[in-house]
Amino acid sequence: MDTAERFDLATRNTAEVVEESELEALFEEGSPSAYIGYAPTGEMHIGHFTTMRKLADFLNAGMEVTVLIADLHAHLDDNKSPFELLDARSAYYRESIEAMIDAAGADADAIEFVRGSDFELDEEYTLELLRMAAETTVSRAQRAGSEVVRESDSPKLGSLLYPLMQTLDVGALDADVAYGGIDQRGIYMLSREVLSDHGGQAPVCILAPLLSGLSGGKMSASDDASKVNLTDDCDAVVEKLDGAYCPAGEREDNGVLEYLEYLVFPVIAERGAEFHVERPEEYGGDLTYDSYADLEADFRSGELHPADLKPAAGAYISRVIDPVRRHLRERPELLREAYPETYD
RNA sequence: CCGCCCUUAGCUCAGACUGGUAGAGCAGUCGACUGUAGAUCGACUUGUCCCCCGUUCAAAUCGGGGAGGGCGGACCA
């Protein structure tokens with residue numbers, strides 16, 4: 001595979017790359033390393049799943065991939081995870097992420113897993129954190145984390161340490177590429193600005209689009225109807241899709257289309273399969289698509305109606321998450337221990 | 001260490017001065033209308049009024065104590 005192909009693979013289906021020329025240079029030189037961090041807070045959902053698909057692209061492009069389970073960040077962000085639950089939630093996240101990577105068509109064994117508290121308490125790291133804290137203004141740290149850290153009328157100091165630590169993580173993991181959702185942009189721009197003064201080098205940032213929620217607007221972790229959970233059974237998935245915001249012919253804010261584009265089609269393409277839509281004879285009979293572009297074209301023209309698309313989308317999404325769902329059901333203690341209030 | 005303010009529905013808050021066991025907006029649920037959803041109408045649901053003790057026939061409301069949160073002052077050899 002030549003450099004251009006590797007570049008295309010690594011950057012397809014992304015929202016932004018900062019800077020493309022730097023990424024090209026990295027591919028010219030050899031095998032760049034990439035990392036993505038997940039703070040083990042609430043239950044994982046389909047939004048997480050869509051970012052996993054990219055890790056398969058990275059591996060196929062000959063990159064080294066590290067997944068960081070950022071346990072301390074989970075606690076630092078407004079106590080989203082209580083300190084006592086960090087072990088259980090880290091275990092649950094790691095298992096779920098491995099299952100998602102496998103389900104997305106990549107090899108989880110090829111990915112290195114690291115837990116934040118394993119290195120973020122090292123003396124060297126801590127000292128650098130304090131030096132950075134001395135140099136960074138409160139407003140700069142707030143701005144960097146504003147899209148990531150939970151808003152509060154009484155923000156804790158931890159919310160300001162959060163972006164600084166994420167910046168040091170890039171250096172500590174020796175990552176050439178920082179991968180994350182576009183909401184991470186503010187933090188990684190801070191990283192590019194200051195990391196070279198703290199023992200690292202500015203990362204190339206590959207930023208994934210944030211998917212719309214099923215109820216219109218942004219997907220909300222706290223709104224159950226706006227997202228598909230990994231543990232939702234097939235009926236629940238179909239029901240959520242049936243209730244989804246999905247104006248005929250419109251792509252804007254259309255979570256149904258986005259799930260198909262960023263999750264379903266990449267995965268079925270990996271398997272060489274097609275997307276089949278059942279449709280009553282009165283509206284023209286069944287349809288089959290082998291690319292998302294064709295499906296979107298039909299949807300925009302009005303040929304493909306939401307009422308026919310939704311049940312098909314629900315069934316395919318359910319099929320994609322099925323291996324993950326089964327894995328979590330075989331190990332019920334993972335969820336029970338990570339979320340004792342919900343699963344006792 | 002001292003002082004002041006806040007705590008009522010899932011969320012944002014009103015009600016407290018002048019006691020009669022609670023309201024609005026948003027959210028949510030359900031119908032109608034669209035071959036989906038949304039929008040729009042129509043209907044509906046929701047509460048240890050932070051906790052304890054006291055006064056009273058009666059306390060979200062008054063008095064005392066406590067908890068949690070916020071703000072300010074003081075201290076700065």
Side-chain angles (χ1 to χ4, degrees), chain A residues 41-43 45-47 50 75-84 134 138-139 141-142 146-147 149-161 210-229 232-265 275-289 292 294-320 339-344:
Chain A
T41 54
E43 285 188 52
H45 50 74
I46 200 163
T50 56
H75 186 58
L76 242 19
D77 183 3
D78 201 33
N79 293 291
K80 278 181 183 169
S81 286
F83 199 73
E84 321 78 65
V138 169
S139 61
Q142 257 171 351
S146 61
E147 292 296 313
V149 172
R150 177 185 284 163
E151 284 187 32
S152 164
D153 351 325
S154 43
K156 307 294 191 296
L157 191 52
S159 68
L160 300 178
L161 257 19
L210 291 192
L211 302 195
S212 298
L214 290 177
S215 30
K218 292 283 178 218
M219 187 168 82
S220 161
S222 54
D223 178 7
D224 224 43
S226 82
K227 65 188 204 297
V228 171
N229 289 315
D232 286 342
D233 60 29
C234 187
D235 288 347
V237 175
V238 169
E239 195 175 321
K240 282 183 182 179
L241 265 104
D242 180 54
Y245 173 77
C246 187
E250 273 183 42
R251 191 209 149 98
E252 191 84 359
D253 284 334
N254 195 324
V256 178
L257 288 184
E258 291 178 21
Y259 283 10
L260 293 174
E261 177 175 9
Y262 293 105
L263 185 66
V264 172
F265 271 91
F275 187 83
H276 188 74
V277 178
E278 285 182 27
R279 185 169 65 173
E281 282 305 327
E282 114 183 67
Y283 297 117
D286 293 4
L287 293 163
T288 298
Y289 298 96
Y292 170 76
D294 293 345
L295 183 148
E296 187 186 305
D298 270 6
F299 186 81
R300 297 183 86 135
S301 74
E303 167 67 15
L304 177 57
H305 191 276
D308 297 318
L309 176 63
K310 281 179 165 184
Y316 275 89
I317 289 167
S318 177
R319 207 173 303 164
V320 168
Y339 304 97
E341 328 73 35
T342 314
Y343 291 94
D344 53 5

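So that the names make sense, note that chain A is the first sequence line, chain B the second, and so on, each numbered from 1.
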*Asks:* Quantified in whole Å, what is the C1' atom distance between nucleotide B:rU21 and nucleotide B:rG25?
*Replies:* 24 Å

*Asks:* For B:rU55, give the paired nucleotide (Watson-Crick: N1-N3 plus N6-O4 or O6-N4; G-U: N1-O2 and O6-N3; both under 3.5 Å), or none.
*Replies:* none

*Asks:* If I take atom OH in residue A:Tyr245 and atom P in nucleotide B:rA37, what distance separates them, rounded to the nearest angstrom?
*Replies:* 13 Å

*Asks:* In whole angstrom, what separates A:Leu309's CG from B:rA37's P?
*Replies:*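 Result: 14 Å.
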
*Asks:* Whole angstrom is fine here: how far is it from NZ in A:Lys310 over to C1' in B:rG38?
*Replies:* 9 Å

*Asks:* Does some side-chain heavy atom of A:Val149 sit less than 4.5 Å from a side-chain heavy atom of A:Asp78?
*Replies:* no

*Asks:* On RNA chain B, compare the nucleotides closest to A:Asp242 and A:Ala225; which residue's is nearer the 5' end?
*Replies:* A:Ala225

*Asks:* For B:rC13 and B:rA60, measure between their C1' atoms and round to the nearest Å.
*Replies:*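 It works out to 15 Å between them.
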
*Asks:* Take A:Ser81 and A:His75 through the test side-chain hydrogen bond (donor to acceptor under 3.5 Å, both in side chains) and record every step on the way to the result.
*Replies:* CA-CA 5 Å; A:Ser81 286; A:His75 186 58; over 6 Å; no

*Asks:* Would you mind reporting whether A:Ser318 and A:Val228 have side-chain heavy atoms less than 4.5 Å apart?
*Replies:* no

*Asks:* When you compare B:rG66 with B:rC30, how far apart are their C1' atoms, in angstrom units rounded to a whole number?
*Replies:* 44 Å

*Asks:* Rounding to the closest angstrom, what is the interatomic distance between B:rA24 and B:rA67 at atom C1'?
*Replies:* 29 Å

*Asks:* Please pick, from B:rA37, B:rG35, B:rG69, the nucleotide with the shortest atom-to-atom distance to any side-chain atom of A:Ser154.
*Replies:* B:rG69

*Asks:* Using the P atom as the point on both nucleotides, what is the distance between B:rC51 and B:rC57, in whole Å?
*Replies:* 24 Å

*Asks:* Quote, to the nearest angstrom, the P distance that separates B:rU56 from B:rA9.
*Replies:*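 One P to the other, the span is 31 Å.
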
*Asks:* Name the pairing partner of B:rG47, where a pair is Watson-Crick or G-U wobble with both distances under 3.5 Å, or state none.
*Replies:* none

*Asks:* Under 3.5 Å for both donor-acceptor distances, Watson-Crick or wobble: does B:rG10 have a partner, and if so which one?
*Replies:*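 Paired with B:rC26.
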
*Asks:* Would you mind reading off the distance between A:Phe299 atom CZ and B:rA37 atom P, rounded to a whole angstrom?
*Replies:*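 It works out to 13 Å between those atoms.
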
*Asks:* Could you check how far OH of A:Tyr259 sits from P of B:rU36, rounded to whole Å?
*Replies:* 21 Å

*Asks:* Starting at CD of A:Glu252 and ending at P of B:rG38, how long is that distance when rounded to a whole Å?
*Replies:*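 The distance from CD of A:Glu252 to P of B:rG38 comes to 18 Å, rounded to the nearest Å.
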
*Asks:* Measure CG/A:Leu214 against P/B:rU36 and give the value in whole Å, please.
*Replies:* 18 Å

*Asks:* Is there a Watson-Crick or G-U wobble partner for B:rG31 with both distances under 3.5 Å, and which nucleotide is it?
*Replies:*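 B:rG31 is paired, partner B:rC41.
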
*Asks:* Using Watson-Crick or G-U wobble geometry with both distances below 3.5 Å, tell me the partner of B:rC71, or none.
*Replies:*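 Base-paired to B:rG3.
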
*Asks:* Could you measure between the two P atoms, the one in B:rA27 and the one in B:rU40, and give it in whole Å?
*Replies:* 9 Å

*Asks:* For the pair A:Tyr316 and A:Phe275, name the ring-plane relationship: parallel under 30°, tilted 30 to 60°, perpendicular over 60°.
*Replies:*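 The arrangement is tilted - the two ring planes meet at 30° to 60°.
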
*Asks:* In Watson-Crick or G-U wobble terms, both distances under 3.5 Å, what is the partner of B:rC17?
*Replies:* none

*Asks:* Round to the nearest Å and state the distance from A:Asp253 atom CG to B:rG38 atom P.
*Replies:*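 Distance, rounded to whole Å: 15 Å.
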
*Asks:* Report yes if some heavy atom in the side chain of A:Glu43 is under 4.5 Å from a heavy atom in the side chain of A:Tyr339; otherwise report no.
*Replies:*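 In contact.
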
*Asks:* I'd like the P distance from B:rC5 over to B:rA43, given in whole Å.
*Replies:*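 Nearest-Å result for B:rA43 against B:rC5 at atom P: 43 Å.
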
*Asks:* Please name the nucleotide paired to B:rC76 by Watson-Crick or G-U wobble geometry with both distances under 3.5 Å, or report none.
*Replies:*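 Paired with no nucleotide.
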
*Asks:* In the structure I gave you, are the side-chain heavy atoms of A:Ser212 and A:Tyr259 within less than 4.5 Å of one another anywhere?
*Replies:* no

